[in-house]
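Numbers restart at 1 for each chain; the letters A, B, ... are given by sequence-line order, proteins then strands.
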There are 2 protein chains.
Amino acid sequence: MSSERLIYLPLGGAGEIGMNAYVYGYGKPGKERLILVDLGVAFPDMDTTPGVDLIFADMTWLKERADRLDAVFITHAHEDHVGALGLLYSALNVPVHARAFTANIARRKLEDKGQVADAVVTASPWPETVQAGPFKVGFVPISHSIPESSALVIDTPAGRILHSGDFKIDTDPGVGEAFDADLFADLGETGVKALICDSTNVFSRAPGRSEAELPGEITRLVGEAKGMVVATTFASNVARVRTLARAGERAGRSVVLLGRAMRRMIEASEATGVLSDFPKVISPEEAQDIPRNNVMLIVTGSQGERRAASAQLARGKYRGLEMKEGDLFLFSSKTIPGNEKGVIRIMNQLSEKGVDVVDDSSGLYHVSGHANRPDLEQMHELVKPEMLIPMHGEHRHLREHARLGESKGLTSAVVVNGMMMDLTADGPVVAEYIDTGRTYLDGSVQIGAMDGVVRDRIRMALNGHVLVTVILDESDEPLGEPWCDIKGVPETGSSKAAVVEILEEDLNQFLLRAGSKTLSDDDKLEEALRRIVRQSAQNEIGRKPEVTVVISRMR
Amino acid sequence: MSSERLIYLPLGGAGEIGMNAYVYGYGKPGKERLILVDLGVAFPDMDTTPGVDLIFADMTWLKERADRLDAVFITHAHEDHVGALGLLYSALNVPVHARAFTANIARRKLEDKGQVADAVVTASPWPETVQAGPFKVGFVPISHSIPESSALVIDTPAGRILHSGDFKIDTDPGVGEAFDADLFADLGETGVKALICDSTNVFSRAPGRSEAELPGEITRLVGEAKGMVVATTFASNVARVRTLARAGERAGRSVVLLGRAMRRMIEASEATGVLSDFPKVISPEEAQDIPRNNVMLIVTGSQGERRAASAQLARGKYRGLEMKEGDLFLFSSKTIPGNEKGVIRIMNQLSEKGVDVVDDSSGLYHVSGHANRPDLEQMHELVKPEMLIPMHGEHRHLREHARLGESKGLTSAVVVNGMMMDLTADGPVVAEYIDTGRTYLDGSVQIGAMDGVVRDRIRMALNGHVLVTVILDESDEPLGEPWCDIKGVPETGSSKAAVVEILEEDLNQFLLRAGSKTLSDDDKLEEALRRIVRQSAQNEIGRKPEVTVVISRMR
C-alpha cells in the first residue's frame with residue numbers, strides 16, 4: 001500500500017449555502033500537493049454580521065501551505081464560487097483555471113482589487129484537461145443557472161474524483177450546454193472513486209424543471225401587460241435575462257438593462273461567445289422618450305437589495321424612469337431565506353404606486369438552478385461512485401443527501417468545513433480536524449469573525465452605548481464632575497429626568513465617596529463606573545447599555 | 001340628512017401584519033364618541049428595530065381624545081390584537097370588553113404591567129351585546145387559530161358594521177366554535193353597511209383547510225417515531241396543541257409542555273372552559289425518568305426565537321432534557337417572513353445532533369388560521385355588505401382584497417393607518433388624514449419610532465463608533481494629546497498600525513495647527529474633529545464610523 005494519500009478538505013460551503021472553497025490534496029501525509037476548487041463569498045445580514053461587506057472562508061490553513069498549492073479551479077461565475085478571488089488571490093499566487101465566461105468574470109474580480117488578471121487561464125472543456133501537480137483536472141460542461149458551469153473531473157493517482165459543482169439536470173437550458181447524461185455515464189464507466197456533490201435542493205422532492213418551461217409563460221405575461229413592464233432576476237442567469245428580453249421584444253417593447261451587474265453579465269456573455277442573439281437594448285435615457293407600454297426594464301435586485309435598481313424603482317424615480325399605476329413588476333426569481341422582508345418591502349412600495357406585482361408563487365416564472373432530490377439520485381446512478389460526499393449545503397442538506405445516498409447503497413459521509421477526509425481507501429475516513437472559520441471584508445479591512453468587532457456592533461445595536469468621561473488631578477481627585485454621552489439610549493426614563501443627568505449624578509455621588517485606592521487605579525475605577533452606569537440605567541430605562549469609560553489624569 | 005357621521009380610523013394593522021388597532025366613531029364631526037377595537041403589538045427585528053422589545057401603534061391621537069372613548073373591544077387573544085393592552089391601558093382608562101378566554105389573557109396583560117385587571121369585562125357571545133356610547137357591539141363567534149375568536153357586530157345609528165377580526169372558515173376547528181355560515185348570512189340579511197375584513201391571506205388561492213385535517217397525519221407521524229418526539233406550534237393554537245398532545249398520548253407517550261406561554265395558554269383554556277379534555281401532562285423532571293421513546297415534548301419557539309424552548313433544546317440540554325440521534329422534531333407551524341434564518345438555525349443544530357426534522361412543507365402538519373382568497377369571497381357573499389374595507393394586511397394585501405371585492409361588484413377602498421373614513425354615505429370617503437406611527441417599548445421606556453434612538457443604534461451597528469476626548473486648558477490650549485476609543489471598528493487597517501493611534505496622530509496634528517477661533521468654539525471644534533476622524537478612518541479602514549466627541553475645558 002502506498003504511503004501517499006488523497007485528501008478532501010472543505011474550507012467553506014460544507015455547512016452553509018455560500019462561500020464555497022474545497023481543497024483536494026495528494027501526496028505523503030502533511031506533504032500533499034494541493035488544489036483549491038472555488039473561492040466564493042457569502043453575504044452578511046444585520047442579525048449576525050452588521051456592517052460587514054462580504055464573508056468568505058478563513059484561508060489561514062491554505063495560506064500557511066501556499067507553497068504546496070498548485071492551482072485554483074473555478075467551477076462557475078456565481079459570487080459564492082468566485083467572489084473572494086480578488087480578495088484572497090495575493091496570498092495564494094498560483095494559476096487560476098476557469099472556462100472562458102467564468103474566466104472573464106474572474107479576471108474582473110482580480111482587476112477590481114487592483115490585481116493583475118494574468119493569473120487567470122482560460123480552460124477548454126472536457127476531454128481537455130489541466131495538469132496541476134499530481135492532479136489532472138477536466139472541466140465537464142454541466143447545466144446550472146449561469147453559462148458554462150462545470151463539474152470537475154479530478155484524476156489522481158488514487159483514482160478519479162467527480163466534483164459536481166453547482167448543477168441541475170436540464171437538457172434544454174437555453175444558454176449554455178445542456179446536461180449530457182451519456183457523458184456522465186461514460187465518466188462513471190471509467191470508475192469514479194468519489195462523487196463530491198451539490199446538496200442545496202435535496203429537500204425538493206419534485207423533479208427539477210427546465211429553463212425551457214419558462215419562455216412561453218413569460219412571453220404570455222409580458223404580452224398581456226398594458227403599462228411598463230419591469231422584470232428582475234439574477235443578472236448571472238443569462239438564459240433567463242434573454243428570455244425576459246425576448247418576451248419584451250416579441251411584445252414590441254424596447255428593452256433596457258438596469259443595474260451594473262445586469263449589463264456586465266450580458267457583456268461578458270457576448271464577449272466570450274456564450275450569447276450571440278440577445279435583443280437590441282436601449283439606454284434609460286432613450287426609454288424616456290418611448291410610450292411606457294412599449295418599454296421593458298430588466299433590472300437587478302431580485303433579493304430586495306436596498307441599493308439595487310428594483311428597490312430604487314420601488315421607492316421612486318431611477319435614471320429618469322418611474323413606475324406608475326397599471327405597470328407590471330415581475331420577480332422571475334426565488335427569494336433566498338433571509339431576504340423576505342426586503343423583497344416584501346419592495347412589493348408594498350410598488351403596491352402603493354398601483355403597480356401589479358407577480359412573483360414566483362405560481363411556479364410559472366422561475367425554476368431553480370440546482371438539482372432536486374430525484375435529479376441527485378439520477379446523478380448518483382449515472383456516475384455510480386464508490387463513495388458519495390455531499391457538499392454545498394447547510395448541515396441539514398449534507399445529512400439528508402448522505403442519507404439519500406446510503407438508502408441506495410452508496411457509501412457516504414457528512415463532511416463539514418474543517419474535516420480533512422482521507423479518500424484513499426474504500427470509504428472516507430477523517431484524517432484530521434482543521435480549524436476553520438469565517439473572514440469578513442469590513443470596509444477595506446479583512447477581520448476574523450471572532451475578533452469581537454462585529455460582536456461589539458451587535459451589542460451597541462441591542463443595548464445602546466454610554467460614554468463616561470472622568471478627569472482626575474495629580475492627586476487622583478476628580479476635576480469637575482463626570483460627563484456622560486449617550487447614543488442609541490432613550491433620553492428619558494422612569495423618573496422623566498434626562499438619563500444623562502441621572503447617570504452623571506450617580507457617578508458623581510460615587511466619585512465623592514470613592515477612596516484613593518479606587519481613584520488611583522484605572523482598572524478598578526473604570527469597572528466601578530461601568531457598574532454604576534449599568535445599574536443606574538437598568539433602574540431608569542430597564543436596560544444595561546454598553547459602556548465606555550475614558551479616564552484622563554492630569555499628570 | 002343628519003350632521004352626525006360614522007367614522008373608521010385604523011391606527012395600526014392597516015398597512016402591516018401586526019399591531020392591530022382600529023377606531024370607530026359616531027357623532028358630530030370632531031365630537032364623535034369613540035370605541036377602539038384591538039390593541040396589539042408587532043415584533044421588532046434586527047434590520048429595522050434592533051434592541052426594541054415590542055412595537056405598537058402610536059396612540060397619540062386617541063390619547064388626546066380619551067374623554068370621547070367609551071370602550072375597548074378585543075376580538076381575540078393573539079399578541080397582535082391584545083399585546084399592547086398593559087402598556088397603553090392607563091392612558092385610555094375605559095372598560096375593556098372581551099369574551100372569557102380573551103378576557104383571561106387580557107387581564108394577565110394588565111397585571112403583568114402592574115395595572116388593575118378589573119377594567120376587563122367578560123362579554124357573552126352574540127346575540128348578547130354591549131352598549132358603549134352610540135355603539136351596540138356583539139361578539140360573533142368565528143373560527144381562527146385561537147379559542148373564542150370573534151367578529152364584532154357594531155350597530156350604530158348609521159347602520160351595521162361587521163368587523164371580521166382575524167378569521168378562517170373552518171366548520172371543524174377542534175377547539176372553539178365552528179364557523180357558522182347561516183349566522184353570517186343572517187347578519188347579512190339584516191343589512192350590513194360595511195364589512196371590515198381580514199386580508200392577510202388574500203394571495204392564497206386555494207380554499208382554506210380545516211384544523212380537522214391534521215390529527216390523522218400528526219397521529220401517524222408521532223405513532224411511527226422511534227425516539228423522543230418534540231413538536232412546536234404557536235402556544236395560542238390550543239386546538240393544535242391538543243392534537244399534538246393527543247397524538248403523543250395515543251402513541252403511549254407522556255406529554256410535557258415546555259415554555260411559559262405553552263403552559264399559560266392551556267391553563268387559560270381550561271380555566272375558562274374552552275378546553276376540558278386535554279391529556280394529562282407531566283413535568284420535565286418526571287420525563288427524565290421515562291424512556292425517551294415514551295416522551296413527547298410540546299414546546300414554544302416555532303419561529304426560531306433564541307430564548308424559547310425549541311432553540312434551547314436545539315442548542316443543548318433544557319430543563320434536564322436533551323435531544324439525541326433518532327429523535328423527531330416537528331414544526332407544526334409556518335415560518336413567518338423574517339424568521340426564516342432563526343428557524344433554519346434550529347434545523348441545522350438539530351441536524352448536527354442527528355435529530356430528524358419535519359416541517360410544514362408537505363402541508364400535512366399545519367394549516368393557516370386565516371381566510372384564503374376563496375374564503376374571503378364566501379364571506380363577502382354571506383354578508384353582502386354595502387361596502388368592503390380590507391383591514392389587517394400589508395398594503396399589497398389590502399389592495400388585492402379591495403380589487404377582489406371590486407371584481408365582484410363590491411364598493412371597496414384601500415384604507416391604511418391614519419386614513420379616517422366617513423362611512424355615513426353610500427361609499428367610504430376620506431374625512432381626514434391623521435398622523436400615525438409606531439411606538440417602541442425599549443427596555444421599560446416607550447420611545448417614538450422617529451426619536452432617533454434606534455437610528456443611532458443602526459448606525460453604530462453598521463459603522464462602528466469612535467470616541468474622541470480632548471481636554472483644553474483655561475486659554476483653550478490642548479492639555480495633553482487627544483484620546484480615541486473605538487468600539488465595533490477594526491483595530492488595524494491598511495497601514496497595519498493601530499487605528500486608534502492613526503486617529504490620535506491625525507487629531508493631534510490638527511490641534512497643534514488649529515487657531516484660537518476653532519479651539520474656543522465647542523461646536524466648531526467638535527465638527528472639525530469628527531470630520532478628521534471620519535476622513536482618517538475612511539483612508540485607513542475604508543469606512544466612516546459614527547463619532548462622539550467629548551471636549552472638556554478646565555475652567
Side-chain angles (χ1 to χ4, degrees), chain A residues 15 45-48 50-51 203 337-338 340-342 344 347-352 354 357 361 394-396 398-400 442-445 447 451 453-454 456-458 460-465 467 469 471 479-480 483 485 487-494 538 541-543 546 548 550 552 554, chain B residues 15 45-48 50-51 203 337-338 340-342 344 347-352 354 357 361 394-396 398-400 442-445 447 451 453-454 456-458 460-465 467 469 471 479-480 483 485 487-494 538 541-543 546 548 550 552 554:
Chain A
D45 61 38
M46 189 71 181
D47 281 282
T48 60
F203 288 108
E340 288 78 4
K341 284 202 165 182
I344 288 173
M347 289 180 169
N348 282 312
Q349 287 168 331
L350 292 171
S351 177
E352 289 174 23
V357 177
S361 55
E394 299 162 8
H395 192 282
R396 62 194 177 117
L398 304 182
R399 178 163 173 260
E400 183 72 10
D442 193 71
S444 55
V445 185
I447 58 178
D451 287 3
V453 174
V454 168
D456 281 348
R457 285 189 203 149
I458 292 173
M460 288 191 291
L462 293 176
N463 305 320
H465 194 188
L467 327 176
T469 311
I471 305 177
L479 254 177
W483 177 272
D485 247 297
K487 209 175 186 77
V489 171
E491 296 201 346
T492 55
S494 53
Q538 177 66 42
I541 57 171
R543 165 159 304 167
E546 301 304 296
T548 297
V550 178
S552 305
M554 298 287 106
Chain B
D45 60 39
M46 189 70 182
D47 280 280
T48 59
F203 289 108
E340 288 79 4
K341 284 204 165 181
I344 287 173
M347 288 181 168
N348 281 311
Q349 288 167 331
L350 293 170
S351 177
E352 288 174 23
V357 177
S361 55
E394 299 162 9
H395 192 281
R396 61 193 177 118
L398 304 182
R399 176 162 174 260
E400 183 72 9
D442 193 70
S444 56
V445 184
I447 58 178
D451 287 2
V453 173
V454 168
D456 281 347
R457 286 191 202 145
I458 292 173
M460 288 191 290
L462 293 177
N463 306 320
H465 195 188
L467 326 175
T469 312
I471 306 177
L479 254 176
W483 177 269
D485 248 297
K487 211 176 186 75
V489 172
E491 296 201 345
T492 54
S494 53
Q538 177 66 41
I541 57 169
R543 167 159 302 167
E546 299 304 296
T548 297
V550 178
S552 304
M554 299 288 104

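Heavy-atom pairs under 4.5 Å with chain B were tallied for Ser494(A), Ser552(A), Pro490(A), Gly338(A); the largest tally goes to Pro490(A). In terms of non-hydrogen atom pairs under 4.5 Å with chain A, the most contact-rich of Pro50(B), Ala461(B), Ser361(B) is Ala461(B). Most heavy-atom pairs under 4.5 Å with chain A: of the set Gly464(B), Gly342(B), Gly354(B), this distinction falls to Gly354(B). Per-residue heavy-atom pair counts under 4.5 Å with chain A were compared for Leu398(B), Val453(B), Asp456(B), and the maximum is reached by Val453(B).
Only the side chain of Ile447(B) comes within contact range of chain A, with heavy atoms under 4.5 Å apart. Proximity to chain A (any heavy atom under 4.5 Å) is shown, for Ile541(B), by both the backbone and the side chain. For Asp485(A), the part lying under 4.5 angstrom from a heavy atom of chain B is the side chain only. The contact between Thr492(A) and chain B is made entirely by backbone atoms, counting heavy-atom distances below 4.5 Å. Both the backbone and the side chain of Asp442(B) come within contact range of chain A, with heavy atoms under 4.5 Å apart. With a threshold of 4.5 angstrom between heavy atoms, Val489(B) approaches chain A through N, CA, C or O but not through any side-chain atom.
Residues Gly493(B) and Val445(A) come closest through the heavy atom pair CA-CG2, 4.0 Å. Heavy-atom minimum distance, Lys487(B) versus Met460(A): O-CE, 3.3 Å. Closest of all the heavy-atom pairs between Ser444(B) and Gly542(A) is OG-N, 3.1 Å. Nearest approach of Glu340(B) to Pro337(A), heavy atoms of both residues: CB-CB, 4.1 Å.
Under the 4.0 Å criterion applied to side-chain N and carboxylate O atoms, Lys341(B) and Asp47(A) are not assigned as salt-bridge partners.
Each of His395(A), Arg396(A), Glu400(A) was evaluated against Ser351(B); a single residue qualifies, His395(A), per the side chain to side chain donor-acceptor pair (under 3.5 Å) test. The side-chain contact (heavy atoms from CB on, under 4.5 Å) with Thr469(B) is formed by just one residue from the set Val550(A), Leu467(A), Ile471(A); it is Val550(A).
Using a 4.5 Å cut-off on side-chain heavy atoms (C-beta onward), Met46(B) and Thr48(A) make no contact. Using a 4.5 Å heavy-atom cutoff, the side chains of Glu394(A) and Ile344(B) are in contact.
When atom types are taken as modelled, the side chain of Arg399(A) and the backbone of Glu352(B) share no donor-acceptor pair closer than 3.5 angstrom.
Taken from CZ in Arg457(B) to CG in Leu462(A), the straight-line distance is 8.0 Å, to the nearest 0.5 Å.
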